[in-house]
Amino acid sequence: MCRAPRFLLSLVGLLLTLLIVPIAAQAAATLKSGVQASGILVLDKPDVRLGDLFDGLPVDIAARPVRGLGVPESGMVLDAERLEAIARENGLSWRPASPTLSIRIDRPVEQIGEEMVLQTVTQALAVQGHPTGEIRLDTPPAPFTVGRGQARQGLRVSDLSFDPKLSRFTAQIGPAAGGETRRVAGRVIAMADVPVMTRAVGTGEVIQAGDVSIQRLRADQAGRSYVVDPDRIIGKTARRTLLAGQPVRPGDLNATMMVQKNAPITVNVVSGSMALAMQGKALDDGALGDMVRVLNIRSNKVLSGIVSAPSTVTVQATVVTIAPAASGARTN
């Protein structure tokens, strides 16, 4: 009666041995060579999978989260004892080659710098209807450190206040993904679009449309010193050499003479919808839009007209209509 139970126990033990051996062989593992060489596991997901630490595992086992580790923080160190415990608790056949082996978990991070701070403050001011321009911070902020992929979420602003008299602001700002906020303060400098030269224009050259582009300058400087309307520059003559990238002062320009005194010109005589072109001679120098005198060569009469194009003056003719005398009117 006693032999049967012992026999059964031996049979069960044999079966268990046969079952365990394939599983142990199946779960045999080696520490990942890159992790072992660097001593660092760069983790870009919340949890650690067995395949992050060990090679030689079946796909389904490699995808399993490490038991008992949870969501590790950056800087956590797994020493040899802890690594062996992880292997054992997760059914892996592995032992550390050295008791001094250790792996540090490192999570990649991103930083949000001053440029994003300036953009965010500018947008927040605009949303509240405050003037915007160039933002100058009293103290450049230290970069905000966020997790991988969180920098694209940008920053958030709270407690924004603006003093219109001083053009100053204060605000609390921090990562939109969450984390600490910091106080920032500074001022808003109003800006204006000002025309500048795209190339060096020599003295006496006529400035063409392609010679002018727009650049943003401080509004207090632009309004006081420089020409802000491109139409007041194009077509004018440079009084001195104008440098590329430089704005233009009114004193830098001369009106361009499109009609030269005593030079032959075309005189367009306009009367209502009728127009007649004839040859004439300019009696004055004139820039575009100037009133000048011209001589009609054919009739030898002096007329006055507006310079409308190079070597061209337009004269508005006055037509006098005399009404016929009424029927039966007395004549002397």
Side-chain angles (χ1 to χ4, degrees), residues 34-35 38-49 52-53 65-66 68-79 82 102-194 196 214-225 228 245 247:
V35 173
S38 64
I40 298 173
L41 170 61
V42 179
L43 192 65
D44 58 358
K45 52 185 177 293
D47 54 4
V48 181
R49 307 298 173 96
D52 296 327
L53 290 170
V66 173
L69 200 57
V71 179
E73 296 183 355
S74 182
M76 175 184 284
V77 176
L78 305 176
D79 58 17
R82 184 71 182 276
S102 66
I103 303 298
R104 188 183 81 245
I105 294 177
D106 188 12
R107 291 187 177 274
V109 297
E110 297 176 341
Q111 291 189 327
I112 304 176
E114 183 177 1
E115 182 178 354
M116 180 61 72
V117 172
L118 297 176
Q119 292 177 8
T120 305
V121 171
T122 300
Q123 293 171 0
L125 288 169
V127 168
Q128 293 191 9
H130 300 306
T132 58
E134 180 181 326
I135 303 296
R136 294 194 179 177
L137 301 174
D138 294 344
T139 303
F144 291 94
T145 300
V146 296
R148 184 176 183 180
Q150 294 180 336
R152 67 173 64 96
Q153 299 179 38
L155 300 169
R156 69 183 189 279
V157 175
S158 60
D159 300 330
L160 175 64
S161 63
F162 181 75
D163 184 341
K165 292 183 179 180
L166 300 177
S167 293
R168 289 191 57 80
F169 68 88
T170 60
Q172 290 291 127
I173 192 166
E180 66 168 328
T181 63
R182 301 173 190 162
R183 181 182 180 276
V184 294
R187 60 192 179 109
V188 180
I189 301 175
M191 306 295 288
D193 293 332
V194 179
V196 299
I214 301 300
Q215 177 176 299
R216 289 183 68 77
L217 293 177
R218 290 177 51 169
D220 56 351
Q221 296 177 342
R224 182 177 65 248
S225 305
V228 296

Check your understanding: Would Ile103 and Val77 satisfy side chain to side chain contact (heavy atoms under 4.5 Å, CB included), going step by step from the backbone distance to the final call?
Key -> CA-CA 6 Å; Ile103 303 298; Val77 176; over 6 Å; no
Practice item. Begin from the C-alpha positions of Ile214 and Val194 and carry the test side chain to side chain contact (heavy atoms under 4.5 Å, CB included) through to its verdict. Key: CA-CA 5 Å; Ile214 301 300; Val194 179; over 6 Å; no
Check your understanding: What's the verdict on side chain to side chain contact (heavy atoms under 4.5 Å, CB included) for Leu43 and Asp52, showing C-alpha distance, side-chain angles and the deciding distance?
Key -> CA-CA 8 Å; Leu43 192 65; Asp52 296 327; 3.9 Å; yes
Exercise for review: Would you check, one step at a time, whether the test salt bridge (Lys or Arg N to Asp or Glu O under 4.0 Å) holds for Asp163 with Arg168?
Suggested key: CA-CA 5 Å; Asp163 184 341; Arg168 289 191 57 80; over 6 Å; no
Exercise for review: Could you go through the side chain to side chain contact (heavy atoms under 4.5 Å, CB included) check for Asp47 and Val66 one step at a time?
Suggested key: CA-CA 8 Å; Asp47 54 4; Val66 173; over 6 Å; no
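Counting all heavy atoms, side chain and backbone alike, Gln153 lies closest to Ala176 at O-CB, 3.4 Å. When all heavy atoms of Ile112 and Gly154 are compared, the closest pair comes out as CD1-O, 3.8 Å. Counting all heavy atoms, side chain and backbone alike, Arg82 lies closest to Asp79 at N-OD1, 2.7 Å. Across all non-hydrogen atoms, the minimal contact from Gly245 to Gln215 is O-OE1, 3.7 Å. Between Pro141 and Val117, the shortest heavy-atom distance links the atoms CG-CG2, 4.0 Å. The minimum heavy-atom distance between Ser38 and Gly34, with the atom names listed, is OG-O, 2.9 Å.
A heavy-atom distance below 4.5 Å is not found between the side chains of Val228 and Asp193. Inter-residue side-chain proximity for Pro247 and Leu217 is flagged as met; some heavy-atom pair is nearer than 4.5 Å. Contact check for Phe169 versus Leu137: side-chain heavy atoms found under the 4.5 Å cut-off. Taking 4.5 Å as the limit, every side-chain heavy atom of Pro131 sits out of range of all side-chain heavy atoms of Leu125.
With no hydrogens or angles considered, a side-chain donor-acceptor pair links Thr170 and Ser161 at under 3.5 Å. Using a 3.5 Å distance cut-off with no hydrogens or angles, the side chains of Thr181 and Gln172 do pair a donor with an acceptor.
Atoms CD and OG1, on Gln111 and Thr145 in that order, are 4.5 Å from each other to the nearest 0.5 Å. With rounding to the nearest 0.5 angstrom, the CZ atom of Arg183 is 13.0 Å from the CD1 atom of Ile173. To the nearest 0.5 Å, atom CG of residue Leu78 and atom CG of residue Leu69 are 6.0 Å apart. The line from CZ of Arg104 to CD1 of Ile40 is 4.0 Å long, rounded to the nearest 0.5 Å. Residue Met76 holds its CE atom at 11.5 Å from CG of Leu41, rounded to the nearest 0.5 Å. Here the OG1-CD distance, from Thr122 to Glu134, works out to 9.5 Å after rounding to the nearest 0.5 Å.
Between Asp138 and Arg187 there is no salt bridge, since no side-chain N of the basic residue sits under 4.0 Å from a carboxylate O of the acidic one.
A donor-acceptor distance shorter than 3.5 angstrom exists from the side chain of Arg107 to the backbone of Pro72, with no hydrogens or angles considered. Counting only distance, with no hydrogens or angles, the side chain of Glu110 and the backbone of Ala151 share a donor-acceptor pair below 3.5 Å.
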